[in-house]
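Just the heavy atoms: all of them, side chains too, but no hydrogens, waters or symmetry mates, feed the values below. Computed from a predicted model, the values in this text were never measured in an experiment.
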Amino acid sequence: MPVLIFLWPDKNREIITSVSLAVVFVNALSGSISYLKMKRVDIKSGLMFAAATVPGAIIGAHTTQFVPRRIFDMIFGILMVLISIFLFFRAGKIGTKPKEYRSGVRRKIIEKDGTVHEYHFQPVLGILFSLVIGYLSSFFGIGGGIIHVPVLVGFLNFPVHIATATSHFTLVISALAGTIEHIIEGTLDTVVIQTLFIAFGVYFGAKIGARLSAKVHGSFILKGAAIALGLAGIRILYGVF
């Protein structure tokens, strides 16, 4: 989304959002296939979160048209900076004992290489967050990954690698719902070729990213994402003001 904002300064936000969301769907699908092979996806939680994101995604696709481009860019830039700050400070807490809830569900995920992940979270909290994330992801065309992963890690105790994989899995469904809504409204009609070219690139990029993530510690993933998001957010705000 930040790249499209830079490359297409004159296009309206509906077109940029719809292209970005369609590309996010392809990215999430490609990444999910790789993560499923690695057995990193919490499928039960992913389906539960995805069901909650769909209503928000549909509403988000409808409301994008009511926000002027300059206001849209400003809100998006601020959101990215705030998430960047949260991610950066959360990265230092990786490996600390997670919060225990009196109620909720426990998960035990065993990766293909034998790595075991055990965690405990509140499903109701996850569903409520997912509903809001579904709206924001569709509204901004970001798919929700930059919001969903911090929420899964920071509030629901998910290990970073499981959070990333499960978020991708959830995004396949929510991004598809938002994209279908944009297709029905005809927003993508004038940029089909551009969308296909961008989607082609991210399909293979997602596979490479999924494999590389296995070799990088969770804290480095969060800090790297924080720095990238922060710089992009500042650049967008610079263009607004």
Side-chain angles (χ1 to χ4, degrees), residues 1-21 23-24 27-28 31 49 53 56-57 59-61 63-94 96 125-126 128-156 158 160 163-164 167-168 170-171 174-175 178 198 202 205-206 209 213 216-241:
M1 187 62 184
V3 172
L4 293 180
I5 288 176
F6 299 148
L7 294 179
W8 292 344
D10 299 325
K11 287 192 181 294
N12 63 50
R13 66 259 172 225
E14 298 103 307
I15 291 178
I16 293 177
T17 301
S18 62
V19 172
S20 179
L21 199 59
V23 171
V24 163
N27 176 78
F49 298 152
T53 63
I59 297 172
T63 55
T64 304
Q65 58 185 311
F66 301 112
V67 180
R69 172 65 189 268
R70 186 171 183 274
I71 300 299
F72 177 89
D73 289 357
M74 182 176 66
I75 296 173
F76 185 59
I78 293 172
L79 177 68
M80 294 186 71
V81 171
L82 292 177
I83 294 174
S84 169
I85 294 171
F86 175 81
L87 277 178
F88 190 83
F89 287 102
R90 176 62 193 177
K93 297 182 180 180
I94 297 255
T96 59
L125 191 62
L128 292 176
F129 272 123
S130 295
L131 180 62
V132 176
I133 291 169
Y135 172 80
L136 292 176
S137 65
S138 185
F139 179 83
F140 288 112
I142 53 177
I146 62 173
I147 307 174
H148 211 194
V149 173
V151 166
L152 292 178
V153 174
F155 296 98
L156 299 179
F158 273 60
V160 175
T164 303
S167 175
H168 265 72
T170 302
L171 292 181
S174 61
I198 299 172
V202 301
S213 69
V216 181
H217 190 272
S219 63
F220 287 103
I221 292 177
L222 287 185
K223 286 183 178 179
I227 293 172
L229 291 174
L231 291 175
I234 292 171
R235 175 62 183 84
I236 291 173
L237 290 174
Y238 177 79
V240 171
F241 297 106

Practice item. Could you check if a side-chain atom of Leu4 sits within less than 4.5 angstrom of a side-chain atom of Lys11, using non-hydrogen atoms only? Key: no

Point to revise | Beyond-backbone contact of Leu171 with Ser174, side-chain heavy atoms, under 4.5 angstrom | key: yes

Say you draw a straight line from [atom1] of [X] to [atom2] of [Y]; how long is it, rounded to the nearest 0.5 Å?
X	Y	atom1	atom2	value
Ser130	Leu156	OG	CG	8.0 Å
Phe76	Ile71	CZ	CD1	15.5 Å
Leu136	Leu79	CG	CG	7.0 Å

Exercise for review: Can you see which heavy atom on Ile16 is nearest to which on Trp8, and at what distance?
Suggested key: CD1-O, 3.6 Å

Check your understanding: Is a side-chain donor or acceptor of Ser18 paired with a backbone partner of Ile15 at a separation under 3.5 angstrom?
Key -> yes

Review point. With distance as the sole test, does Ser84 use its side chain to make a donor-acceptor pair with the main-chain N or O of Met80 at under 3.5 Å?
Key: no

**Study point:** Under the side chain to side chain contact (heavy atoms under 4.5 Å, CB included) test, residues paired with Leu131 that sit two or more places apart
**Key:** Pro55

**Study point:** Mutual orientation of the aromatic rings belonging to Phe49 and His148 [parallel < 30°, tilted 30-60°, perpendicular > 60°]
**Key:** perpendicular

Listed pairs under 3.5 Å, donor-acceptor, residues 233-241 side chains, sequence neighbours left out:
none

Point to revise | side chain to side chain contact (heavy atoms under 4.5 Å, CB included) between Thr53 and Tyr135, worked out | key: CA-CA 7 Å; Thr53 63; Tyr135 172 80; over 6 Å; no

Practice item. Mind jotting down which residue pairs meet the salt bridge (charged side-chain N to carboxylate O under 4.0 Å, His left out) criterion with at least one end in residues 73-83? Sequence neighbours excluded, please. Key: Arg69-Asp73

